[in-house]
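To start, the structure under review is shown below, and the notes come after it.
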Amino acid sequence: MTLFVCSVQQFVSDLFPSFSKDAYDINALFLKYLIFSGFLVTIIGGVMVTAIVRFRAKKQPKEPDQISGHKNLEIIWTIMPFVVITFFFILTLQTLRAINKPVPKGEKPDIVIIARQWWCDMRYPNYKVAAANELHIPVGKKLLMQIESGDVVHDWWVQSLGPKIDAIPGQTNYAWISADKPGVYLGACAEFCGAEHAWMRIRVVAEPQADFDRWIQEQRQVAEIADDSVSQEGAMLFARKTCLGCHTVSANPDGTHIGPDLSHLGSRQTLLSGMMPNTNENLTRWLENPQKVKEGALMPDFMLNKDEVKALATYLEGLK
Ligand code: CUA
């Protein structure tokens with residue numbers, strides 16, 4: 001029996017990689033729907049095909065006998081769907097109960113996600129730390145996420161870690177997140193939210209507690225600006241070109257910023273919400289003409305010259 005349960009779990013995990021109990025429960029439920037629906041489609045399709053072949057028009061077609069009303073048949077086709085729907089309703093309720101651990105009264109969220117076109121502002125209120133697009137979590141801990149939207153409806157979804165939760169303007173939603181194993185887990189916004197919806201990717205970095213603690217400590221420090229003249233020039237430009245109007249580099253997420261926190265941009269894996277690897281070359285391309293790279297993003301074209309772009313890219317990539 002144990003062997004059977006293990007192999008079923010393995011089968012679900014192979015089909016839909018699941019790295020938390022919640023993700024496993026959701027994916028297992030989906031698989032049950034899939035198998036049972038497949039079974040129903042086979043039976044209904046089989047009966048239909050049989051009827052079409054067996055009762056097709058004969059050589060001298062005459063209208064077949066017409067049947068009007070059939071009490072037993074009508075009772076059967078009312079009861080059967082009712083049973084099927086009730087069965088799935090109970091299965092779904094069980095899964096919902098298992099994954100939606102109630103949020104204790106007064107519980108503060110571990111993480112606040114504010115989804116925007118087209119990136120995610122991620123804050124750790126207990127540590128006064130902000131990140132963007134790349135969420136770091138410690139392995140084996142169930143964390144409470146508070147999910148909001150800064151503009152339109154978005155949808156948080158990292159399939160291998162847990163449920164899909166809408167980010168709705170004016171409404172606060174909650175969900176739990178956890179990962180059993182260290183790794184990088186990919187997700188995406190799952191609600192069409194505008195032109196660059198496809199480039200609203202999510203990256204969750206799950207790491208052992210000690211590594212997570214170290215990361216938090218690093219994020220709390222203001223990154224040092226490199227000594228070279230290009231980086232220093234970049235820092236000056238960053239202030240002069242009003243970048244600070246939208247972004248912050250002070251490792252202090254209390255201020256309201258409408259663009260991603262850039263305090264430690266250099267330590268991220270990707271740029272523009274998972275759109276491209278975080279390299280000096282890609283950052284340069286973005287700064288040269290943001291609208292050419294991610295059309296519709298709120299970042300305006302500052303008409304920077306080549307030297308200014310180089311200075312800004314060097315400065316920002318140095319913020320680790
Ligand atoms: Cu945000 Cu789709």
Side-chain angles (χ1 to χ4, degrees), residues 1-100 152-168 173 175 180 183 185-202 274:
M1 184 64 190
T2 321
L3 197 70
F4 175 72
V5 172
C6 282
S7 59
V8 168
Q9 283 185 348
Q10 191 57 47
F11 179 64
V12 174
S13 290
D14 285 349
L15 270 183
F16 309 106
S18 313
F19 293 94
S20 74
K21 192 185 167 293
D22 288 359
Y24 174 80
D25 285 348
I26 296 166
N27 290 329
L29 178 68
F30 177 69
L31 194 64
K32 284 175 199 162
Y33 268 77
L34 199 67
I35 291 171
F36 198 76
S37 312
F39 176 68
L40 286 183
V41 166
T42 311
I43 291 183
I44 295 168
V47 171
M48 273 177 67
V49 170
T50 309
I52 289 168
V53 173
R54 231 183 115 187
F55 302 108
R56 67 189 184 282
K58 300 283 164 17
K59 276 200 178 116
Q60 286 129 0
K62 105 175 179 349
E63 200 179 5
D65 297 340
Q66 299 297 300
I67 302 165
S68 166
H70 193 300
K71 207 170 169 190
N72 289 344
L73 201 59
E74 280 168 24
I75 289 171
I76 290 171
W77 76 44
T78 305
I79 287 177
M80 274 190 44
F82 181 77
V83 170
V84 170
I85 288 168
T86 308
F87 172 68
F88 278 118
F89 180 66
I90 291 169
L91 276 187
T92 308
L93 274 189
Q94 278 175 343
T95 306
L96 280 175
R97 258 181 72 117
I99 64 167
N100 281 355
V152 300
V153 179
H154 302 270
D155 195 27
W156 169 276
W157 196 28
V158 182
Q159 192 187 7
S160 52
L161 294 187
K164 189 195 259 187
I165 301 290
D166 273 352
I168 301 168
N173 285 340
D180 297 338
Y185 303 98
L186 302 182
C189 173
E191 181 79 43
F192 182 71
C193 56
E196 298 286 352
H197 156 72
W199 287 120
M200 190 164 168
R201 302 287 172 88
I202 303 162

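Predicted model, so just to flag it, every value in this text is computed and none were measured.
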Query raised in the report: Checking side chain to side chain contact (heavy atoms under 4.5 Å, CB included) for the pair L15/N27: CA distance, chi angles, key distance, verdict?
Result: CA-CA 9 Å; L15 270 183; N27 290 329; over 6 Å; no

Contact summary for [X] and [Y], nearest pair of heavy atoms:
X: V158; Y: L186; value: CG1-O, 3.7 Å
X: A175; Y: P163; value: CB-CG, 4.4 Å
X: Q159; Y: A23; value: O-CB, 3.7 Å
X: I165; Y: N173; value: CG2-CB, 3.7 Å
X: W157; Y: I202; value: N-CD1, 3.8 Å
X: W199; Y: G274; value: CZ3-O, 3.6 Å

Report task. Check the pair I44, M48 against side chain to side chain contact (heavy atoms under 4.5 Å, CB included), reporting the backbone distance first and the verdict last. Result -> CA-CA 6 Å; I44 295 168; M48 273 177 67; 4.3 Å; yes

Could you give the distance from [atom1] ([X]) to [atom2] ([Y]), rounded to the nearest 0.5 Å?
X: L93; Y: T86; atom1: CG; atom2: OG1; result: 11.0 Å
X: C193; Y: H154; atom1: SG; atom2: NE2; result: 5.0 Å
X: F30; Y: I35; atom1: CZ; atom2: CD1; result: 10.5 Å
X: I75; Y: H70; atom1: CD1; atom2: NE2; result: 10.5 Å

Report task. Show your reasoning for whether side chain to side chain contact (heavy atoms under 4.5 Å, CB included) applies to I26 and F16. Result -> CA-CA 10 Å; I26 296 166; F16 309 106; over 6 Å; no

Query - Neighbour count >12 (heavy atoms, 6.0 Å) for atom CG, L73 - result: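 Atom CG in L73 is crowded, with more than 12 foreign heavy atoms closer than 6.0 Å.
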
Query raised in the report: Does any pair with a residue in residues 13-33 pass salt bridge (charged side-chain N to carboxylate O under 4.0 Å, His left out), and if so which ones, sequence neighbours excluded?
Result: K21-D25, D22-K142

Query raised in the report: Ignoring hydrogens and geometry, is there a side-chain-to-backbone donor-acceptor pair from R56 to V53 under 3.5 Å?
Result: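 At least one qualifying donor-acceptor pair exists.
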
Query raised in the report: Is a side-chain donor or acceptor of H197 paired with a backbone partner of E191 at a separation under 3.5 angstrom?
Result: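 Confirmed, H197 side chain pairs with E191 backbone.
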
Report task. Go through the steps for T95 and L91 under the test side chain to side chain contact (heavy atoms under 4.5 Å, CB included), then give the verdict. Result -> CA-CA 6 Å; T95 306; L91 276 187; 5.6 Å; no

Requested in this report: For the residue pair F36 and F87, categorise the inter-ring angle as parallel (less than 30°), tilted (30 to 60°) or perpendicular (more than 60°).
Outcome: tilted

